[in-house]
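As structure tokens, the structure follows; a few thoughts come after it.
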Amino acid sequence: MSLRRRLIISMLTILALLSVNVGTHFWGSLARNESMVAYRDSVRAGQLSDEIGRLLEDQRQQVLVLATIKETTGDQLGSAEQQAALESIREIDSRIMTLGGLTWNDTESLYQGLRKASQGLLSMWRDFYEKYNEDNVPIDIENPLPYLETNQKLDELKQEQAKLAVDRANIIDRTIALTDRITVLAFVGTLLLTFLLGFALVRFTSRSLKRLQKGTELIGAGDLSFRIQTDNETGELAELASAFNDMSVKLSEAIEQVQMAKDQADQANAAKSTFLANVSHELRTPLNAIIGYSEMIQEEVADGEALEPEQLKEDLEKIVFSGRQLLSLINDVLDLSKIETGKMTVHQEWFNPRLALERLGNSMSPLLASQNNTLILIPGEALPEVYTDATKFRQILTNLLGNANKFTEHGEIKVEMKIRDSEQLVITVEDTGIGMTAEQLDRIFEVFEQADHSTSAKYGGTGLGLSLCREFATLLGGTITAASTPEKGSLFTVTLPVHRA
Amino acid sequence: MKKLLLVEDNDLNRDMLSRRLQRKGYQVVTAIDGQEALELMHSEHPDLVLMDMNLPVLNGWDACRTASLDARINGIPILALTAHALEQELKKALEAGCRDYATKPIDFPVLLEKIEGLIK
């Protein structure tokens, strides 16, 4: 569950409990208020009943006194006195009405009884006053029953009101006790729940955080294969954990790449060292011949021997040959260095490629003869002149023919030239030599690489020839590819643009 | 006359060195590869073998090892000739069973001293 959802649920629960608390309080107040109003009404009704009782008694005394006066003296009642008496009766009636306003359901029937009795009594008194000055008052004013009945009803009502007041007071006490209890319970519940939720939240969160901490420590210590367990959890902490996992995946990928780059750099460095050793070896072989022959001639001269001109000429030719071999090796190394530093330039000119090939074939005939190989130049269509770097073109072909001759004995070397799509000059050099495996084919164009580590021992070379061919072909906007079958021979294909833009 | 076996695949170096050694009074037999060298050690019984290490068919190191295991020829001292100037290459030659070595280009007087020292 997400951290946010956990927090929200906790807060909502606590809020709900607080609402219960507040709600209980308000309900308690409301209930108390209702009972208080009823209680106050009951008390007020009790007071009013007392007042009415007193007024009724006063009025009865007055009526009895007036009746006695009239009987004994026959005095008339003054108009003002009559009005005052009627007014006081109205007053009593109004008090009784007010008492009705304070009456609740429980006392309604008692009040109605009082009202009926009082109306009878009050109307009798009203008649008495209104007809007082008449000679024969037909009213039996001495009859105490209406008064007593009214008084009794009033007492009953009063007692009932008192009883109600006590009841209401009790209800108020009970309500207060109940709301207090609910408030305390809800408060304790809120505290308990808050504590529990907080505890659970902290526990869950800290478990996830501990896992995160352990994971980051392990990942930080270099264990990039470690993955933080998320146990199918969702939410921010699980997302954080999976972000950490992603980070460690990416880190290990990055480290792998760096390691790979380092390995490649190490390999390149090792290849350069090997190359240097090879170059040193290749330089020493012709140097050995040059120094050796020169020293031998010196010795012969010093010994005063009769030098045979033929022998001397041959020996000097060997010195020159070795010197040229040395030079071509140094040139190869320099060319490669120029290409590597981007300083190799291209000099384009118009020339006939077939003528260039024929000249090259002628110059190589001694070399071909030494391996008993036959060079076959396939005639094919007439070729137009091409506009490219003639020197590099020659260097590529010299290298390919030299290689074909080196790895072939008593065989054939076929060279074919064609124009494809009137834009590309395609040259193929095919031999019937020792060939190469697919694995060797993969590496032969790499700088400093030879098909086999024993190749340099067996056949010489620095592993520069084919690298240079490829670099030259690329410089001229073309390509070079190779195909081969072990023990059957190799086929090299060079494609160059006829006219380089 | 002492007999030397010169094993060298490079034509010029073989020609040059054999002639120089002959001028110093040695009989020189030549071989082009390691295999031929082993055969000649058996048939010619040279007093010393001068062996280039980078050889076709059977290289110099393997030829030395084979010779050192063969009781009939392991008494013949082998002097390695190598164009590898690196320390480890020279050590490799001694480990293969060569008694000494000379680095190309060869310092001829030093080579002669070494040959004489080994033949006695």
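As a basis for the values below, the full set of heavy atoms in this structure was taken, side chains included, without hydrogen atoms, waters or symmetry mates. Order of the sequence lines fixes the chain letters, A, B, ..., with proteins taken first and strands second; residue numbering starts at 1 for each chain. Everything quoted here is computed from the prediction, not taken from an experiment.
Residue Gln311(A) places its CD atom among more than 12 non-hydrogen atoms of other residues, nucleotides or ligands, all under 6.0 Å distant. Open room surrounds NZ on Lys488(A); 12 or fewer heavy atoms of other groups in view lie less than 6.0 Å from it.
Cation-pi geometry between Lys114(B) and Tyr101(B) is satisfied (NZ or CZ under 6.0 Å from the ring centre, within 45° of the ring normal).
Chosen from Asp33(B), Asp11(B), Thr82(B), Ile106(B), the residue pairing most often with chain A at heavy-atom distances under 4.5 Å is Ile106(B).
Looking only at distances, no side-chain donor or acceptor of Thr493(A) sits under 3.5 Å from a matching main-chain atom of Thr428(A). Using a distance-only test at 3.5 Å, with no hydrogens or angles considered, a donor-acceptor pair links the side chain of Arg284(A) to the main chain of Lys104(B). Between the side chain of Thr285(A) and the backbone N or O of Glu282(A) there is no donor-acceptor pair closer than 3.5 Å. A donor-acceptor pair under 3.5 Å is absent between the side-chain atoms of Thr408(A) and the main chain of Asn405(A), judged by distance alone.
Listed by sequence position, Asp315(A), Lys318(A), Phe321(A), Ser322(A) are the residues of residues 314-326 of chain A in contact with chain B, using a 4.5 angstrom heavy-atom cutoff. Among the residues in residues 13-27 of chain B, those with a non-hydrogen atom closer than 4.5 angstrom to a non-hydrogen atom of chain A are Asn13(B), Asp15(B), Met16(B), Arg19(B), Arg20(B), Arg23(B), Lys24(B). Residues of residues 37-53 of chain B never come closer than 4.5 Å to chain A when only heavy atoms are counted.
When all heavy atoms are compared, the tightest approach of Ala404(A) to Val429(A) is CB-CG1, 4.3 Å.
Between Trp61(B) and His84(B), the two ring planes are tilted [angle within 30° to 60°].
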Donor-acceptor pairs are to be reported for all side-chain atoms of residues 261-270 of chain A against protein atoms at under 3.5 Å, with residues two or more places apart or in another chain.
residue: Lys262(A); atom: NZ; partner: Asp266(A); partner atom: OD2; Å: 3.0
residue: Asp263(A); atom: OD1; partner: Gln259(A); partner atom: NE2; Å: 3.2

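Comment: Glu358(A) does not engage Arg394(A) in a salt bridge, judged by the lack of any side-chain N to carboxylate O separation of less than 4.0 angstrom.
Screening Ile427(A), Thr398(A), Val494(A) for a side-chain contact (heavy atoms from CB on, under 4.5 Å) involving Phe393(A) leaves a single residue, Ile427(A). Each of Asn399(A), Asp332(A), Asp335(A) was scored for a side-chain contact (heavy atoms from CB on, under 4.5 Å) with Leu464(A), with one residue passing: Asp332(A).
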